[in-house]
J.: 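Just passing along the structure, written as structure tokens.
Every chain is numbered from 1 and lettered A, B, ... according to where its sequence line falls, protein lines coming before strand lines. A quick note: this is a predicted structure, and the numbers were derived from the prediction, not measured.
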There are 2 protein chains.
Amino acid sequence: MISNADISETLSQRLSDSGLRSTPQREVVYSVLLKKRDHPTAEEVFARVKPEMPMISLATVYNCLETLVQCDLVRAVNFERGPTRYCPNLHPHAHFHDVETGATHDVDLPAGLLDQVKAILPEDFKASSVEIIFRGKESPKARGGEPSSI
Amino acid sequence: MISNADISETLSQRLSDSGLRSTPQREVVYSVLLKKRDHPTAEEVFARVKPEMPMISLATVYNCLETLVQCDLVRAVNFERGPTRYCPNLHPHAHFHDVETGATHDVDLPAGLLDQVKAILPEDFKASSVEIIFRGKESPKARGGEPSSI
DNA sequence: TCATTACTTAGAATGATTATTAAACCATAT
DNA sequence: ATATGGTTTAATAATCATTCTAAGTAATGA
């Protein structure tokens with residue numbers, strides 16, 4: 001298991017690598033992202049952080065999130081023009097966005113697929129990142145259990 | 001070559017299929033999208049339409065673009081939280097977004113790749129659309145010839 | 001210590017888009 | 001033709017997420 005101390009160590013490590021400081025605000029923002037990995041918006045992060053740190057401001061949450069993105073600890077994800085969502089999953093993965101519930105799920109990419117996708121680029125295009133976004137609806141898995149009451 | 005009459009026929013066809021009317025505003029908005037396929041924003045479309053129709057309002061441009069998206073004549077594309085861009089290319093394709101110039105290019109998808117990408121989804125996820133977005137920088141091809149600025 | 005720089009806060013400002021509302025327009029039934 | 005009811009447009013206000021600004025705090029270094 002990963003302890004709180006470990007978390008703040010990776011964090012302060014990455015921050016100082018970029019010439020930045022570890023602060024209580026940055027630590028608590030990062031920790032709420034790790035605690036519930038449901039791609040929260042800045043406002044949602046703000047709401048989760050507040051109980052632990054009531055004086056923190058929304059602007060600071062935005063600043064911290066941006067900082068975490070800068071040092072590659074967090075990925076920013078956008079669906080259409082909705083608010084930016086934040087994701088601490090660093091493995092290469094796609095996103096599935098449920099148009100009905102708004103829920104967002106990580107979808108692991110099999111080895112090689114990303115390279116295959118990158119291979120479609122003309123040679124003069126150098127991609128620094130690739131985003132794969134699915135939009136749709138998740139049907140509850142047809143399995144034994146409660147009947148779908150509709 | 002496709003004439004103006006043909007264009008407005010497809011347009012009014014699609015519109016009436018959706019129970020909507022063909023209007024001069026919708027026609028001129030659609031025509032500027034076809035004329036220069038560089039993924040303009042609503043503001044850019046507005047600027048291009050104005051000379052032809054000086055009284056048109058920005059709100060109407062937004063409305064027309066939304067209408068065209070609804071009847072599948074135009075695709076809306078988003079990069080991060082930048083303004084929505086509009087693309088009349090209906091073939092399945094990915095997008096390359098140049099982080100330096102802001103230019104956007106369509107990238108054709110080889111047959112089968114989209115299915116391959118969709119295949120990574122768990123069975124309970126039904127994707128109605130897939131977006132593939134590259135972000136990066138294009139190195140000018142060292143060669144003569146017309147620029148492929150689609 | 002004192003100066004420098006980084007960081008946080010509160011609130012104002014911005015930018016893109018959507019909502020509101022009144023007027024103009026159009027198709028059709030009378 | 002004219003009334004009617006729905007559609008579309010235009011101008012402007014409102015909204016939402018985000019960024020900017022200014023002022024205060026705190027850590028760091030000469």
J.: Does the side chain of B:V130 come within less than 4.5 Å of A:I133's, by heavy atoms?
T.: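 No - every pair of side-chain heavy atoms lies 4.5 Å or more apart.
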J.: Not counting sequence neighbours, which residues clear side-chain hydrogen bond (donor to acceptor under 3.5 Å, both in side chains) with A:R37? List them please.
T.: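 With neighbours one apart ignored, the set is empty.
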J.: Summarise how protein sits on nucleotides 8-24 of chain C as a single string, 5' to 3': B when a protein heavy atom is under 4.0 Å from the base, S for sugar-phosphate-only contact, - for no contact.
T.: SBBB----SBBB-----
J.: Let me see the working for B:H105 and B:H39 under ring pair (Phe, Tyr, Trp, His ring centres under 6.0 Å), right down to the final yes or no.
T.: CA-CA 8 Å; B:H105 304 270; B:H39 305 81; 8.0 Å; no
J.: Take B:D38 and B:R48 through the salt bridge (Lys or Arg N to Asp or Glu O under 4.0 Å) test and state the conclusion after the steps.
T.: CA-CA 12 Å; B:D38 59 350; B:R48 292 175 197 183; 2.9 Å; yes
J.: Hey, mind stepping through A:R75 and A:E131 against salt bridge (Lys or Arg N to Asp or Glu O under 4.0 Å) and telling me if it holds?
T.: CA-CA 11 Å; A:R75 223 171 110 179; A:E131 278 272 7; 3.6 Å; yes
J.: Specify the separation, in whole Å, of atom CZ of B:F46 and atom C1' of D:dA10.
T.: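 B:F46 atom CZ is separated from D:dA10 atom C1' by 10 Å.
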J.: From CZ of A:R21 over to C1' of C:dA6, roughly how many Å is that when rounded to an integer?
T.: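 Distance check: A:R21 CZ to C:dA6 C1' gives 4 Å.
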J.: Give a yes-or-no answer on whether the side chains of B:H95 and B:H97 include a donor-acceptor pair shorter than 3.5 Å.
T.: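 No - no donor-acceptor pair under 3.5 Å links their side chains.
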J.: Under 3.5 Å, is there a donor-acceptor pair between the side chain of A:R26 and the main chain of A:R21?
T.: yes
J.: Is it true that A:S129 and B:R135 share a donor-acceptor pair across their side chains at a distance under 3.5 Å?
T.: yes
J.: Taking five pairs at each end of the helix from C:dT1-D:dA30 to C:dT30-D:dA1, what angle separates the two helix axes (nearest 10°)?
T.: 10°
J.: CG of A:L65 versus C1' of D:dA17: gap in Å, rounded?
T.: 13 Å
